[in-house]
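Since the structure comes first, as structure tokens, the remarks are kept for the end.
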Amino acid sequence: MRRSLIQMFALVAVGAVVGIGYNALSPKGIPLKGGTKARLAEQGARMVDLQEVRYYLKQPGTLLVDARSPEEFQLGHIPGAVNLPADQFAPFYPKVKARLEKAKIIIVYCSGGSCGTSEELAMELIKAGFVEKRVAVFSGGLPGWMRAKLPIETGMKD
Amino acid sequence: MSDRVVVWSERLGRWALAAIFLAAAIPKVLDPSGFAADISHYALLPDVFVNPLAVILPWVEAVGALALLSGFAAEGAILLINALLVVFLGAMGQAFFRGLDINCGCFGHSAARETVGMAMVRDLAFMALAGLVLWLRAKRTGTKKIRI
């Protein structure tokens with residue numbers, strides 16, 4: 001038992017050291033500290049909270065993008081948002097491309113917390129060349145919007 | 001079962017597990033950011049732990065796979081692979097029961113999307129193989145306790 005456990009922990013330690021070393025040297029390395037916020041900043045995006053979302057929505061050229069599935073979008077979304085599911089980027093992108101190109105700031109959201117889908121979509125948008133559009137991720141997502149008792153829209157409009 | 005059959009079965013099983021874990025580790029090593037996003041989909045860990053795990057876990061898998069392949073520290077590596085499979089099954093199980101529609105991320109962020117249920121079935125098959133290797137290793141070393 002003891003020998004196998006020692007070997008196992010030694011392998012974990014070697015993996016950890018090599019991983020941290022490789023990450024530090026790799027051009028694709030990610031920040032170890034700071035979680036999603038730091039990872040997004042590294043990619044050229046940032047996180048915004050509800051207050052910032054409400055501020056930007058008053059500014060012309062702000063586009064909200066819902067990264068969830070079309071089914072979830074139809075059940076309820078932030079008014080004015082367009083649907084671009086992160087896992088169906090290629091088929092949905094042409095439908096919203098014109099609006100994305102017109103936007104000055106793109107705010108992406110999903111189901112809130114650490115849903116991850118909005119981050120995935122933000123990265124896809126940056127890859128598609130929208131870096132200069134100031135891509136942002138709304139950390140609270142739809143639940144954060146609803147908690148503030150703000151209105152939601154249903155159905156598919158875009 | 002003859003000693004020769006036991007030795008070769010254990011060796012082939014170990015190599016198969018090594019190939020699976022190398023195939024899983026390499027895409028994650030090449031795209032840590034995508035893997036971090038996959039980890040956060042599970043909504044299991046505080047955000048602060050996501051990046052370090054995305055950096056370390058693929059290399060732990062790779063080191064475990066290389067140990068299995070070479071036979072160096074093989075008993076520890078078999079134990080490690082079994083432990084990882086149990087952890088992965090637990091993570092996928094909680095996602096499945098919470099109804100999270102997420103990408104498994106098991107073979108990297110860009111791998112074909114599959115349901116968590118399918119990934120759990122595959123994980124169980126890998127666990128069966130890992131368990132078999134553990135048993136064959138015990139037979140090979142001549143003790144059921146495999147020096148555990």
Side-chain angles (χ1 to χ4, degrees), chain A residues 1-24 26-40 42-43 45 47 68-69 71-72 85-88 110-124 126-127 137 139, chain B residues 25 28-68 72-84 100-103 105 109 113 134 137-138 141 145-148:
Chain A
M1 176 72 170
R2 202 166 157 211
R3 183 181 151 158
S4 300
L5 278 175
I6 290 170
Q7 284 180 353
M8 185 181 83
F9 287 117
L11 291 171
V12 171
V14 170
V17 169
V18 176
I20 291 168
Y22 176 84
N23 185 63
S26 166
K28 285 193 168 180
I30 58 173
L32 287 175
K33 287 182 187 170
T36 307
K37 197 174 176 179
R39 210 165 57 244
L40 281 171
E42 191 96 342
Q43 304 281 330
M47 276 183 123
R68 300 169 307 146
S69 69
E71 295 77 21
E72 288 171 306
D87 58 350
Q88 297 173 63
C110 56
S111 307
S114 50
C115 63
T117 323
S118 47
E119 183 193 345
E120 207 175 317
L121 180 59
M123 287 180 189
E124 289 287 352
I126 287 165
K127 269 190 228 162
V137 171
S139 53
Chain B
K28 296 176 200 162
V29 164
L30 297 176
D31 181 16
S33 194
F35 183 46
D38 285 335
I39 294 173
S40 62
H41 289 176
Y42 283 88
L44 190 62
L45 284 177
D47 194 44
V48 71
F49 294 121
V50 170
N51 291 2
L53 187 65
V55 165
I56 291 169
L57 184 59
W59 280 100
V60 171
E61 288 179 331
V63 168
L66 291 174
L68 284 176
F72 176 76
E75 286 165 16
I78 296 169
L79 208 57
L80 172 64
I81 295 304
N82 273 284
L84 286 174
L100 300 178
D101 176 24
I102 58 171
N103 189 15
H109 185 65
R113 198 178 162 87
L134 200 64
R137 186 82 187 173
T141 51
K145 290 183 180 173
I146 53 154
R147 281 186 262 172
I148 283 181

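Sequence lines set the chain letters: A, B, ... in the order given, protein chains first and strands last, and positions in each chain run from 1.
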Item to check | Top contributor to chain A interface from Ala67(B), Ala77(B), Pro58(B), Ala36(B) [non-hydrogen pairs under 4.5 Å] | outcome: Ala36(B)
Checklist outcome for this item: Applying side-chain contact (heavy atoms from CB on, under 4.5 Å) to Glu42(A) and not counting sequence neighbours gives Pro31(A)
Checklist outcome for this item: If one checks every heavy atom of Phe9(A) against chain B at 4.5 Å, the contacting part turns out to be neither
Next on the checklist: Can you give me the closest heavy-atom contact between Val55(B) and Leu32(A), atom names plus distance?
Outcome noted: CG2-CD2, 3.7 Å
Item to check | Where Ala83(B) and Met8(A) come nearest, the two heavy atoms and their spacing | outcome: CB-SD, 4.5 Å
Checklist outcome for this item: Greatest number of non-hydrogen atom pairs under 4.5 angstrom with chain B, of Thr36(A), Val12(A), Ile6(A), falls to Thr36(A)
Item to check | Contact leader toward chain B among Ala38(A), Ser26(A), Gly15(A), Gly29(A), where contacts are heavy-atom pairs under 4.5 Å | outcome: Gly15(A)
Checklist entry - Looking at CG of Asp38(B) and CD of Glu120(A), how far apart are the two atoms once the value is rounded to the nearest 0.5 Å? => result 6.5 Å
Next on the checklist: Quick check on Leu30(B) against chain A: is it the side chain, the backbone, both or neither that has a heavy atom closer than 4.5 Å?
Outcome noted: both
Checklist entry - For Leu5(A), is it the side chain, the backbone, both, or neither that has a heavy atom closer than 4.5 Å to a heavy atom of chain B? => result both
Item to check | Which portion of Ala62(B) sits near chain A, non-hydrogen atoms under 4.5 angstrom | outcome: neither
Item to check | Leu79(B) side, atom CG; Arg3(A) side, atom CZ - distance, nearest 0.5 Å | outcome: 12.5 Å
Next on the checklist: So which atom in Ala73(B) and which in Leu11(A) form the shortest heavy-atom distance, rounded to 0.1 Å?
Outcome noted: O-CD1, 4.1 Å
Checklist outcome for this item: Those residues at least two apart in sequence (or on a different chain) that pass side-chain contact (heavy atoms from CB on, under 4.5 Å) with Ala16(A) are Ile56(B)
Checklist outcome for this item: Of Val17(A), Val14(A), Val18(A), Ile20(A), the one forming a side chain to side chain contact (heavy atoms under 4.5 Å, CB included) with Trp59(B) is Val18(A)
Checklist outcome for this item: Here the gap from Met123(A) atom CE to Asp31(B) atom CG, rounded to the nearest 0.5 Å, amounts to 8.5 Å
Checklist entry - What part of Ala54(B) lies closer than 4.5 angstrom to a heavy atom of chain A: side chain, backbone, both or neither? => result side chain
Checklist entry - Between Lys37(A), Arg39(A), Glu119(A), which residue shows the highest count of heavy-atom pairs closer than 4.5 Å to chain B? => result Arg39(A)
Item to check | Gap between atom CG of Asn82(B) and atom OG of Ser4(A) - 0.5 Å precision | outcome: 11.0 Å
